[in-house]
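Read the structure below first, then the notes.
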Amino acid sequence: MMSMTAMGAAKPVLAKPRADDRYPSRFGAQGQMKDRLDPVVWGTPEQGSLSNSQLLFYEDNGYLNFDQLLAPDEVQACLAELQRLRGDEAIKKTSEAVVEPGSRELRSLFAVHRSSDVLKALCEHPKLVAIARQLLGSDVYIHQSRINYKGGFRGKEFYWHSDFETWHVEDGVPAMRLLSCSIALTANTPYNGPLMIVPGSHQRYVTCVGATPEDHYKHSLKQQEVGVPDDGCLTRLVQDFGITAPTGLAGSVTFFDCNVMHGSSSNITPLPRSNVFVVYNSVHNTPVDPFCGLAPRPNFIAERRDFTPVGER
């Protein structure tokens with residue numbers, strides 16, 4: 001819902017949450033922390049290769065890190081494909097591409113499982129899919145895929161956020177039954193802007209302040225300002241849980257819960273950091289109308305058409 005200011009510019013208006021909204025956000029004047037209403041682990045040790053101790057770790061911390069889940073030749077093939085995509089000026093002009101503010105460097109490229117056979121095979125890798133199925137307790141489909149490229153010297157930060165808050169508000173994903181998989185194609189070190197996680201924060205739902213503007217994704221994918229926690233909530237989370245940064249060589253993989261608070265700092269080292277992100281969603285958790293009351297974001301950001309389980313394509 002929009003209003004017009006005296007100057008004629010469109011301005012977001014705070015609406016009321018829907019009756020079916022279990023996780024309302026962006027409606028209040030200040031951020032709040034609420035209890036999570038969904039399980040973290042939906043599967044059992046009998047449903048896959050993860051042990052009971054690994055499932056308990058994920059339950060408590062909201063992530064699992066594997067030092068080398070993929071073979072070196074698999075990583076090299078994906079890295080070569082990433083370099084090909086980075087060098088294609090035509091790709092930078094597509095809707096799926098996000099370039100760094102103030103430059104033409106590629107920051108992110110979405111829906112890579114649809115545009116690249118090499119990255120499609122990676123997103124559908126049996127090892128990755130099996131872990132996602134076990135954690136989510138069901139067949140899964142790809143809700144989103146993307147490359148995040150953080151170049152050396154000038155790679156920009158990704159500010160603190162919960163993915164679920166945005167996927168719920170702007171995409172209409174009903175429940176916390178999806179997860180992200182971050183696949184390192186280059187070494188993720190403590191110094192080149194690695195993924196940072198607040199372990200345990202996934203057990204709390206942090207509401208955000210500020211109504212969602214129309215076509216918010218056009219700005220938020222470059223620099224997110226709406227849908228981020230306020231300083232007070234973030235401070236409380238870090239005081240309670242601390243911060244960890246899973247690192248590893250190329251081929252390392254981190255799975256993390258959709259609601260865990262995470263972000264990454266800028267990269268001022270000469271060492272680029274390149275990761276592929278795959279978001280697996282349960283086939284029982286497909287999106288409804290966005291809870292912000294606006295039109296859905298484009299399909300390349302949030303899948304709304306093809307919920308075919310991975311492995312059955």
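Note that the coordinates shown come from a computational prediction; the quantities given were computed from them, not determined experimentally.
Atom CG of Leu128 and atom CZ of Phe255 lie 5.0 Å apart (nearest 0.5 Å).
Between the side chain of Glu170 and the backbone N or O of Pro296 there is no donor-acceptor pair closer than 3.5 Å. In this structure a side-chain-to-backbone donor-acceptor pair under 3.5 Å is present from Gln203 to Glu59. Panel note: side chain Ser180, backbone Phe256; no donor-acceptor pair is recorded below 3.5 Å. Under the 3.5 Å distance criterion, the side-chain polar atoms of Asn299 are matched with a main-chain donor or acceptor of Arg304. Under the 3.5 Å distance criterion, the side-chain polar atoms of His284 are left unmatched by any main-chain donor or acceptor of Ser282. A donor-acceptor contact shorter than 3.5 Å is absent between the side chain of Tyr280 and the backbone of Ile131. Within the 3.5 Å criterion, the main-chain N or O of Leu109 finds no donor-acceptor partner in the side chain of Glu96. Thr166 places no side-chain N or O within donor-acceptor distance of the main-chain N or O of Asp163, the cut-off being under 3.5 Å.
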For residues 171-179, which side-chain N or O atoms pair as donor and acceptor with protein atoms under 3.5 Å away, sequence neighbours left out?
residue : atom : partner : partner atom : Å
Asp171  : OD1  : Arg297  : NE           : 2.8
Asp171  : OD2  : Arg297  : NH2          : 2.7
Arg177  : NE   : Leu136  : O            : 2.9
Arg177  : NH2  : Leu136  : O            : 3.0
Arg177  : NH2  : Gly137  : O            : 3.3

Between side-chain atoms of residues 70-87 and protein atoms elsewhere (two or more places apart, or another chain), which donor-acceptor pairs fall under 3.5 Å?
residue : atom : partner : partner atom : Å
Glu74   : OE1  : Ala71   : N            : 2.9
Glu74   : OE2  : His125  : NE2          : 2.9
Glu81   : OE1  : Arg84   : NE           : 3.0
Glu81   : OE2  : Arg84   : NH2          : 2.9
Glu81   : OE2  : Ser116  : OG           : 2.7
Gln83   : OE1  : Arg86   : NH1          : 3.2
Arg86   : NH1  : Tyr149  : OH           : 3.3
Arg86   : NH2  : Glu105  : OE1          : 3.1

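Annotation: Asp117, atom CG; neighbour count of heavy atoms from other residues, nucleotides and ligands within 6.0 Å does not exceed 12. With a 6.0 Å radius and a threshold of 12 heavy atoms from other residues, nucleotides or ligands, Arg236 has its CZ atom at or below the threshold. Heavy-atom neighbours of Leu249 CG from other residues, nucleotides or ligands within 6.0 Å: at or below the threshold of 12.
Residues that satisfy the side-chain hydrogen bond (donor to acceptor under 3.5 Å, both in side chains) test with Thr269, not counting sequence neighbours, are Asn267.
With a 4.5 Å cut-off on side-chain heavy atoms, Arg204 and Phe241 count as touching.
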side-chain contact (heavy atoms from CB on, under 4.5 Å) evaluation trace for Met261 with Val238: CA-CA 10 Å; Met261 196 63 66; Val238 173; over 6 Å; no
Run the side chain to side chain donor-acceptor pair (under 3.5 Å) check on Asp38 and Tyr23 step by step: do they pass? CA-CA 11 Å; Asp38 295 303; Tyr23 294 105; 2.8 Å; yes
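For the residue pair Arg26/Thr212, the side-chain donor-acceptor check at 3.5 Å is satisfied. For Asn188 and Thr247, the side-chain atoms include no donor-acceptor pair closer than 3.5 Å.
Between Tyr63 and Phe57, the distance from one ring center to the other falls under 6.0 angstrom.
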